[in-house]
Amino acid sequence: MGSINLTLFGTPSLLVRSSASWKGFRMPITLSSSRSLLSKAQTLDSELSPGPERSDDASESMVRTYARRKKAKRLVGDVEKNPNGEAPPDQKVANLPDIEEFAYGKVEASKTSKLVLKKTSNTVEPPAHWEEVLEGIRKMRSSEDAPVDSMGCEKAGSLLPPKERRFAVLVSSLLSSQTKDHVTHGAVQRLSEKGLLDADAIIKTDEASLASLIYPVGFYTRKSQYMKKIANICLEKYGGDIPRSLDGLLTLPGMGPKMAHLVMNVAWDDVQGICVDTHVHRISNRLGWVSKPGTGKKTSSPEQTRISLEKWLPKDEWVPINPLLVGFGQTVCTPVRPRCGVCSINELCPSAFKEASSPGSRAKKSSARVKKQ
DNA sequence: GTCCGGTGTA
DNA sequence: TACACGGGAC
C-alpha cells in the first residue's frame with residue numbers, strides 16, 4: 001500500500017505516529033523558522049520557475065485574469081484550449097472588469113466571466129505599526145502550539161512525484177475546507193491507501209465509495225462529486241495534472257479563491273496572491289489593516305480582504321501571513337471570545353477588548369468594560 | 001443571503 | 001444549546 005508520506009494540515013500531535021520523516025519535516029516548520037523557510041521557497045521559486053506570470057517587476061504590471069467557474073466553463077475558451085491553463089494574452093483581457101469592482105458588487109454578475117486585477121500591490125500606505133504588530137504575533141506564535149503549526153498550508157504527498165504530488169495537494173485542499181485538520185488528514189490517508197489520489201483512479205470509483213472514504217470531512221457528499229468532476233477535467237484538459245494557473249484552478253468545481261491561491265502556493269510554488277481564509281479575514285479587520293475603499297469600514301468578504309491587503313503588504317509577507325494569522329487565530333485571536341488579555345499587541349489593536357473576551361482572565365473582562373465606556 | 005454536515009468545544 | 005470548522009455553490 002502506499003505508505004506515502006502524507007503530511008497535511010494535521011496538528012503535530014496527531015501526526016506524531018507518522019514516522020521520522022514527518023518529524024524531520026515538521027521540525028523546520030514551527031513558527032520562528034517558518035518565515036525563513038517560506039522565504040526560501042519563494043526565492044527558489046523565483047529562480048526555478050520563471051513562468052509567464054511571475055511576480056517580478058516585469059509582471060507586476062501584467063494584467064491578471066480571473067475566470068469564474070461556471071461561466072468560465074462556458075466562456076473561457078482560452079483557458080480550456082491551453083493545456084497548461086495559462087491566462088490569455090493581455091490584449092484579450094484589457095477591457096474586462098476589474099476584480100476589485102467585482103468584489104464590491106460593482107460589476108454585473110453576467111459580466112464577471114473574467115475579471116482583471118489591474119494593480120496588485122503597494123498602492124496604499126501601510127497601516128501604522130504593522131511591522132511591530134507582525135513581530136508581536138510571531139513571538140506569541142512561537143510559544144503557542146497551534147494546529148496550523150504543522151504546515152500553514154497543506155502539504156500532501158511530499159514523497160510523490162511532482163505531478164502526483166500536485167494532484168494530492170489539490171484533493172487535500174478540496175477536502176480541507178470547513179474541516180478540522182486531523183479529519184482532513186485521515187480522509188487523505190484513506191484515499192492514499194486506496195490509490196485514490198490519482199485522477200485515473202478517481203474516475204473509476206463511484207461517488208458513494210468516495211464519500212464513504214472521505215467521511216466525515218465537511219460536506220463529504222458534495223466533495224465526492226467535486227472530486228469526480230475535477231478528476232475528469234484534469235484528465236481531459238490537463239493530462240491528469242492540475243491547472244497551472246489561478247484561472248484554471250478556479251474553473252474546477254469546489255475551488256474558490258482561497259483554495260486556488262493555496263494550491264498555487266503549495267502545488268506550484270507560485271505566489272499569485274494572498275491566501276485569505278476566515279482567520280486572515282477576521283484578524284486583518286480587527287487590526288484595522290483592511291477596509292473598503294473610501295469608507296474605512298471593515299471588508300465584508302475574504303476576497304475584499306485579499307484585495308485590500310495586497311495593496312500594501314510587501315510581497316515577501318504574502319505567504320507567511322497566512323500560517324501566522326491562522327495560528328494566531330486558533331490560539332489567541334479566536335473568532336469568539338478572543339483572548340485579548342494574553343495578547344501582547346493588544347495596545348496596538350483597535351479592536352482589543354471590544355468583544356467579550358475569553359473567561360480565562362477576569363482582569364481582561366473588567367478591562368473590556370472599562371474600554372467600552 | 002442560505003445551504004451543505006459531522007464533530008468538538010464552551 | 002450554539003457556534004465554529006483555515007469555503008464554495010447557488
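First the proteins, then the strands, lettered A, B, ... as listed; each starts at 1. Keep in mind the model is a prediction, meaning the values are calculated, not measured. When reading the values below, keep in mind they use all heavy atoms of this one structure, side chains included, and skip hydrogens, waters and symmetry mates.
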Point to revise | A:R286: partners by salt bridge (charged side-chain N to carboxylate O under 4.0 Å, His left out), with sequence neighbours left out | key: A:E355

Check your understanding: Which residues, if any, of residues 207-221 of chain A bring a heavy atom under 4.0 Å of DNA chain C?
Key -> A:F219

Check your understanding: Can you tell me how far C1' of C:dG8 sits from OH of A:Y226, to the nearest Å?
Key -> 6 Å

Exercise for review: Verify the contact: side-chain N or O of A:Q178 to OP1 or OP2 of C:dC5, cut-off strictly under 4.0 Å; return yes or no.
Suggested key: no

Exercise for review: Quickly work out the A:L252 CG to C:dG7 C1' distance and round it to whole Å.
Suggested key: 15 Å

Review point. How far does CG of A:D181 sit from CD of A:Q330, to the nearest 0.5 angstrom?
Key: 6.5 Å

Review point. Considering only the C1' atoms, how many Å lie between B:dG5 and C:dA4, rounded to the nearest integer?
Key: 13 Å

Exercise for review: Would you kindly check whether a donor in the side chain of A:K180 faces an acceptor in the base of C:dG6, or vice versa, at under 3.5 angstrom?
Suggested key: no

Check your understanding: Is a side-chain donor-acceptor pair under 3.5 Å present for A:T184 with A:T179?
Key -> no

**Study point:** Rounded distance in Å - CE (A:M227) to P (B:dC4)
**Key:** 21 Å

Exercise for review: Provide the distance between the two P atoms, one in B:dA10 and one in C:dG6, to the nearest whole Å.
Suggested key: 14 Å

Exercise for review: Applying salt bridge (charged side-chain N to carboxylate O under 4.0 Å, His left out), name anything that partners A:D198, two or more places apart in sequence or on another chain.
Suggested key: none

Check your understanding: Whole Å only: how far is the CG atom of A:L175 from the P atom of B:dT7?
Key -> 16 Å

Exercise for review: Return yes if a side-chain donor-acceptor contact under 3.5 Å exists between A:S300 and A:Q304, otherwise no.
Suggested key: yes

**Study point:** Distance, nearest 0.5 Å, that separates CD of A:E135 from CD1 of A:I345
**Key:** 11.0 Å

Practice item. Using the C1' atom on both, measure C:dC5 against B:dC3 and round to a whole Å. Key: 16 Å

Revision key, fill the gap. Separation of C:dG6 atom P from A:L309 atom CG, nearest Å, is 20 Å

Exercise for review: Find the distance A:R339:CZ to B:dA10:P and express it as a whole number of Å.
Suggested key: 11 Å

Revision key, fill the gap. Which of B:dC3, C:dG6, C:dC3 is nearest the side chain of A:R222? It is B:dC3

Exercise for review: Using the C1' atom on both, measure B:dC4 against C:dC3 and round to a whole Å.
Suggested key: 16 Å

Check your understanding: When rounded to the nearest 0.5 angstrom, what is the spacing between CD1 in A:I274 and CD1 in A:I321?
Key -> 7.0 Å

Point to revise | Under 4.0 angstrom between A:H281 side-chain N/O and C:dG7 OP1 or OP2 | key: no

Point to revise | Gap between atoms CD1 and C1', on A:I321 and C:dG6 respectively (whole Å) | key: 14 Å

Review point. What nucleotide, of C:dC5, B:dC4, C:dG6, holds the atom closest to the side chain of A:D277?
Key: C:dG6

Exercise for review: Find the distance A:I274:CD1 to C:dG7:P and express it as a whole number of Å.
Suggested key: 17 Å

